[in-house]
Number of protein chains: 2
Amino acid sequence: MVTIKQVAKRAGVSFKTVSRVVNNDPTVKAENREKILAAIEELGYQPNLAARMVRKKNSDVIGFISDEISTTPSSVDILRGAQDRAWELGKTLMVFNLDHKKPTPIKLLEECRQHRAEGVIYGAMYHQPVELPETFDKQPTVMVNCFDPNVERASIVPDDQQAAYDVTMQLLNKGYKRIAFLNLNPEIVAAKLRLAGFEQALQEFNIEQSNYLVETVERVIDGHTSDVTREVAERVIEEFKPDAILCGKDLVALRLYFVLEHKGLRVGQDIGVASFDDWDCIPQLLVPALSSVALPYYQMGRAAVSRIVEMVGDKQVSTHIDRVKCQISSRESF
Amino acid sequence: MVTIKQVAKRAGVSFKTVSRVVNNDPTVKAENREKILAAIEELGYQPNLAARMVRKKNSDVIGFISDEISTTPSSVDILRGAQDRAWELGKTLMVFNLDHKKPTPIKLLEECRQHRAEGVIYGAMYHQPVELPETFDKQPTVMVNCFDPNVERASIVPDDQQAAYDVTMQLLNKGYKRIAFLNLNPEIVAAKLRLAGFEQALQEFNIEQSNYLVETVERVIDGHTSDVTREVAERVIEEFKPDAILCGKDLVALRLYFVLEHKGLRVGQDIGVASFDDWDCIPQLLVPALSSVALPYYQMGRAAVSRIVEMVGDKQVSTHIDRVKCQISSRESF
DNA sequence: GACAATAAATACAACGATGTTTTAACTTAT
DNA sequence: ATAAGTTAAAACATCGTTGTATTTATTGTC
């Protein structure tokens, strides 16, 4: 690769003068500057960031460690958001994922530290508690889509409770009065929070307990989760006769659509349906299109990088949890 | 951060001896080695890869430039595969994506070159021709899920033709005799190749032209693609009366399922259905589960890194196109 | 116990850049 | 014409490593 000295030789100046030009130092004669820029262009010189870093001691690198990033189709948006924001701020994202739990987070963090990453983002595929090893305290760390249940650490998570509250309020405002919530496994953080938001909205509307219903559509046996949406949905419709159903995720709504089709109930007319996730690949192509609460993954990714950069700049400890607002993608299902 | 000299001081040896230990040089007394390892542990020393790189002139960094990686849920598997393989080979992947066509590939490549990436992978979201700027010739470059129509360049693409051939043969071997192919927009590379594979299999089975049918389910108006699966499917079923339908992608199959449900045709019994993509989020949850041809994204990502590393090692120009075999995920739909 | 042979550590230079100090080349003022 | 002041370039040190040459310590042999 071309070095600064080769450029200097070509331009007939000392290599330090080239360094000046590269770093926009104004104390360079216009004549020399032009010669140097021409030489840079001709030789295709690119400054060696590693060498620069050794000297300047800032790497502009941010580590991104992810927990099986690709398992859900949209959680990769965290990465996209982080990537975009990093680019805007002149930072480079170095991405590591730990599929199948090997390599360990500790190994990945070591890698980040060897690259002298200024901060590290740890991203999870779904909203969950994660206990990070203590070594993560050694540099600014931001958790995305997860939080540490033991230690206070900077975190960015979706505001699941507000999301459930909002969508339930929308249903109630539209006149739905008997809402069933086909929730996910209640062990899941998101399920717990959404239930809280759901009930909060119902209370505000003074809906009695007999006029709403919460059921779980995931059955866990020996740690293995199976989906029982169809049977639960059939029973709920039969016995509770809801006028609207809120689904824990788009996949539940998809299954529900088949059940409703089978029962001859028209979505949006005979019964309202809403769900969570707003995946690219389902809501828009159901008929009628499914209204779904989008998880703000892209925004969360952006926020994570912004936060890391702030932490690096301030050298301040910031451990609060950012809850990012979820938007409802309103379509025709309610 | 801790430097090698601080470790040396702590261990009471010269810093070069520490370097020896870090690099597994055997000419260090066991006694010193232990003292040094202890000091490294105590201080939490991590070698500065940037400094090492300046000296050794190899970065072990591979650049990964992607064209809107997240638009389809599974193409991010390319990244996962690349990531995993890079880790196995002791390389670091530096990921850049160019959403909304800004920043330009040229800018991203410059960034890679500044980091002295040993090679660059350019990944596309779907199988397509991509004309890379000439600057990509300056270092080993591998294209994944795309190829350059003008220049011969190392590429790794899915073998769409073989995939279509295989799945069609499976259908024929199972006794299906009137197959309709609801193909994607024929402008798409994959659509063209699959059509070829489809017809190849039919010819081998001596199926006459009147016993198969190919229709396009995507209508392009002013560059905007709209999906007309429902109307096309209804017409095809009505007029052609196929005993099996091959779908251009899972989303087409999903729509088809609704049409078939409506018409009272039972998938897997009255009619066979197969498709391409094998996304995580659709085939398994349709009833009956959809058999789909998986695109080998993960393998392609791995292969790309393997290939780059080979190219870097050999300093050989390798410009052939690898076509990676696609596996059929057989379920209950045919 | 002296001397060579080997092993292990140190000393010094280098990598490609930047920060600081010094020097050289011009201006300007008297 | 000379001193002082200003500007631009060069010289030198430095960052945290590794590679090579050199020195020092250890061992073996007679």
Side-chain angles (χ1 to χ4, degrees), chain A residues 1-37 39-40 43-61 90 92 110-118, chain B residues 1-40 43-61 90 92 110-118 139:
Chain A
M1 286 289 291
V2 183
T3 73
I4 205 169
K5 286 182 189 163
Q6 294 171 34
V7 175
K9 199 173 166 191
R10 178 100 167 202
V13 297
S14 86
F15 70 99
K16 184 63 242 258
T17 308
V18 177
S19 171
R20 288 228 169 73
V21 170
V22 171
N23 292 282
N24 293 314
D25 187 318
T27 68
V28 177
K29 255 194 301 190
E31 182 199 336
N32 277 340
R33 160 166 284 115
E34 271 172 39
K35 268 196 296 186
I36 291 170
L37 287 175
I40 287 176
L43 298 175
Y45 168 73
Q46 296 285 349
N48 183 331
L49 291 186
R52 175 179 288 175
M53 191 206 123
V54 170
R55 196 63 177 77
K56 304 226 299 187
K57 304 196 154 192
N58 69 325
S59 65
D60 285 336
V61 166
T92 301
E110 275 176 13
E111 189 81 14
C112 289
R113 293 177 63 76
Q114 290 181 5
H115 282 281
R116 296 298 185 266
E118 298 174 347
Chain B
M1 287 288 289
V2 183
T3 73
I4 205 168
K5 287 182 187 162
Q6 294 170 33
V7 175
K9 199 173 166 191
R10 178 99 166 202
V13 295
S14 85
F15 71 98
K16 185 64 243 257
T17 309
V18 177
S19 172
R20 287 231 170 71
V21 170
V22 171
N23 291 283
N24 291 315
D25 187 318
T27 68
V28 177
K29 254 194 305 190
E31 182 198 336
N32 278 341
R33 160 166 285 117
E34 271 173 39
K35 267 195 296 187
I36 290 170
L37 286 176
I40 287 177
L43 298 174
Y45 168 74
Q46 296 284 350
N48 184 330
L49 291 187
R52 175 179 288 174
M53 192 206 122
V54 169
R55 195 62 178 77
K56 304 225 299 186
K57 303 195 152 194
N58 70 327
S59 65
D60 285 337
V61 166
T92 302
E110 274 176 14
E111 189 81 14
C112 289
R113 293 177 63 77
Q114 289 181 6
H115 282 281
R116 296 298 184 267
E118 297 174 349
Q139 71 290 305

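Quantities reported herein were computed from a predicted structural model and do not represent experimental measurements. Sequence lines set the chain letters: A, B, ... in the order given, protein chains first and strands last, and positions in each chain run from 1.
- Rounded to whole angstrom, the span from the CG atom of A/Asp25 across to the C1' atom of D/dA10 amounts to 14 Å.
- Contacts of A/Arg55 classified as side-chain contact (heavy atoms from CB on, under 4.5 Å), with partners at least two apart in sequence or in another chain: none.
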Enumerate donor-acceptor pairs with a distance under 3.5 Å from any side-chain N or O in residues 6-14 of chain A to protein atoms, sequence neighbours excluded.
| residue | atom | partner | partner atom | Å |
| --- | --- | --- | --- | --- |
| A/Arg10 | NE | A/Glu42 | OE1 | 2.8 |
| A/Arg10 | NH2 | A/Glu42 | OE1 | 2.4 |
| A/Ser14 | OG | A/Lys16 | N | 3.4 |
| A/Ser14 | OG | A/Thr17 | OG1 | 3.3 |

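- Note on A/Thr17: a side-chain N or O is less than 4.0 Å away from OP1 or OP2 of D/dA10.
- Closest approach of A/Val21 to A/Arg33, counting heavy atoms only: CG2-CA, 4.2 Å.
- Looking at B/His115 and A/Thr92, their side chains do bring a donor and an acceptor atom within 3.5 Å of each other.
- For the pair B/Asn32 CG and D/dT24 C1', the interatomic distance rounds to 14 Å; values are reported in whole Å.
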Original post:
Along nucleotides 17-22 of chain D, 5' to 3', which nucleotides get a B, which get an S, and which get a -, given that the test is a protein heavy-atom distance under 4.0 Å?
Top reply: BBB-B-
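- Of the inter-residue distances, the one linking A/Leu49 atom CG with B/Glu111 atom CD reads 6.5 Å to the nearest 0.5 angstrom.
- A/Arg52 CZ to B/Gln114 CD: the interatomic distance, rounded to the nearest 0.5 Å, is 7.0 Å.
- OP1 or OP2 of D/dA10 sits under 4.0 Å from a side-chain N or O of A/Ser14.
- To the nearest angstrom, C1' of C/dA17 lies 18 Å from CZ of B/Arg113.
- Counting to the nearest Å, the P atom of C/dG16 and the CD atom of A/Gln6 are 8 Å from each other.
- The interatomic distance linking A/Lys9 (NZ) with C/dG16 (P) rounds to 14 Å, in whole Å.
- To the nearest angstrom, P of C/dA17 lies 16 Å from CG of A/Asp60.
- When rounded to the nearest whole Å, the span between NZ of A/Lys57 and P of C/dT18 equals 16 Å.
- In this structure, the CG atom of A/Leu49 is 13 Å from the C1' atom of C/dT18, given to the nearest Å.
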